[in-house]
Novice: 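Input: one structure, supplied below.
Note that this is a predicted model, so its numbers are computed, not measured.
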Amino acid sequence: MTSPFPLNSKDKKDLEVYLKQFCFKSIQTIICSRNGTAISTDSSSRSPSWFNISISDSPSVAEDCKHKVNVSDLLHGKTINLTVQLHSPDNEIMTLEIWTSRWSENTNKSR
């Protein structure tokens, strides 16, 4: 894929950091919201950070993300999938949701 606005190495690194934070926080939010625990967040528009999601990370989810999620794959056209499953006491598994993230450099140019 060729971008109409090629990224220099610093911009590419910044994009990877942003995508990593976005993916990890998205996964944390989805999983935590499915386990029945109420989540309350404080967000300040006065924060100097333009990416401000204030939730506590689940250590086990964070560890899984570190080992299983490769954000640089997104920049190379691959997808990241999160499957939410219900596990019954009888060891049956039912897929409830599938979340898919994909990065696309394609842009629509209006004229």
Side-chain angles (χ1 to χ4, degrees):
M1 255 185 269
T2 304
S3 172
F5 306 103
L7 298 175
N8 62 37
S9 61
K10 181 190 179 319
D11 289 342
K12 185 175 180 181
K13 184 67 178 166
D14 289 346
L15 178 60
E16 285 184 15
V17 168
Y18 169 78
L19 286 175
K20 181 177 181 178
Q21 290 175 343
F22 178 80
C23 288
F24 284 19
K25 284 298 185 178
S26 296
I27 292 168
Q28 286 281 348
T29 302
I30 292 166
I31 291 173
C32 290
S33 69
R34 300 312 184 263
N35 73 9
T37 304
I39 298 173
S40 155
T41 64
D42 293 326
S43 178
S44 171
S45 61
R46 288 180 253 137
S47 171
S49 173
W50 54 273
F51 186 74
N52 183 16
I53 298 177
S54 177
I55 64 166
S56 298
D57 290 345
S58 162
S60 63
V61 174
E63 191 65 26
D64 279 348
C65 282
K66 287 178 189 174
H67 295 292
K68 296 179 181 176
V69 177
N70 186 355
V71 174
S72 66
D73 283 350
L74 285 175
L75 295 174
H76 295 96
K78 296 183 182 179
T79 60
I80 293 176
N81 296 307
L82 171 66
T83 303
V84 179
Q85 298 177 326
L86 174 66
H87 293 257
S88 76
D90 299 330
N91 292 324
E92 294 178 4
I93 299 172
M94 178 190 302
T95 298
L96 302 175
E97 303 172 54
I98 299 174
W99 293 77
T100 302
S101 298
R102 183 170 75 74
W103 171 259
S104 174
E105 290 187 46
N106 296 334
T107 58
N108 292 328
K109 296 180 181 179
S110 3
R111 293 184 188 243

Novice: Could you tell me which non-hydrogen atom of Val71 sits nearest to which non-hydrogen atom of Lys20, and how far apart they are?
Specialist: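 Shortest heavy-atom contact: CG2-CA, 3.5 Å.
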
Novice: So do Ile80 and Asp73 actually touch side chain to side chain, heavy atoms under 4.5 Å?
Specialist: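 Of all side-chain heavy-atom pairs linking Ile80 with Asp73, none is under 4.5 Å.
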
Novice: Assigning hydrophobic clusters by single linkage (Ile, Leu, Val, Met, Phe, Trp, Tyr; side-chain heavy-atom cutoff under 4.5 Å), is Ile27 placed with Trp99?
Specialist: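 Same cluster: Ile27 reaches Trp99 through Ile, Leu, Val, Met, Phe, Trp or Tyr contacts under 4.5 Å.
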
Novice: To the nearest 0.5 Å, how far apart are OG in Ser33 and CD in Gln28?
Specialist: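 Rounded to the nearest 0.5 Å, the OG-CD separation comes out at 11.0 Å.
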
Novice: Determine, step by step, whether Val17 and Asp14 satisfy the side chain to side chain contact (heavy atoms under 4.5 Å, CB included) criterion, reporting the C-alpha distance in whole Å, the side-chain angles of both residues, the deciding distance to 0.1 Å, and the verdict.
Specialist: CA-CA 5 Å; Val17 168; Asp14 289 346; 5.6 Å; no

Novice: When Thr83 is tested against each of Ile93, Leu96, Thr95, Thr100 for side chain to side chain contact (heavy atoms under 4.5 Å, CB included), which residue passes?
Specialist: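 With Thr83 as partner, side chain to side chain contact (heavy atoms under 4.5 Å, CB included) holds for just one option, Thr95.
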
Novice: Do you know which two heavy atoms are closest between Arg34 and Ile30, and how far apart they sit?
Specialist: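 Closest heavy-atom pair between Arg34 and Ile30: CG-O, 3.0 Å.
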
Novice: Any chance you could measure Leu74, atom CG, to Thr79, atom OG1, to the nearest 0.5 Å?
Specialist: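 Going from the CG atom of Leu74 to the OG1 atom of Thr79 covers 8.0 Å.
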
Novice: Does CG belonging to Asn91 count more than 12 external heavy atoms closer than 6.0 Å?
Specialist: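 No - once you tally the heavy atoms of other residues, nucleotides and ligands closer than 6.0 Å, there are 12 at most.
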
Novice: Rounded to the nearest 0.5 Å, how far apart are SG of Cys23 and CD of Glu16?
Specialist: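 Cys23 SG to Glu16 CD: 11.5 Å, rounded to 0.5 Å.
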
Novice: Are Ser26 and Leu82 packed together at the side-chain level, in the sense that at least one heavy-atom pair is separated by less than 4.5 angstrom?
Specialist: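 No, too far: nothing below the 4.5 Å cut-off.
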
Novice: Side chain to side chain contact (heavy atoms under 4.5 Å, CB included) for Glu92 and Leu86? Distances and angles first, verdict last.
Specialist: CA-CA 8 Å; Glu92 294 178 4; Leu86 174 66; over 6 Å; no

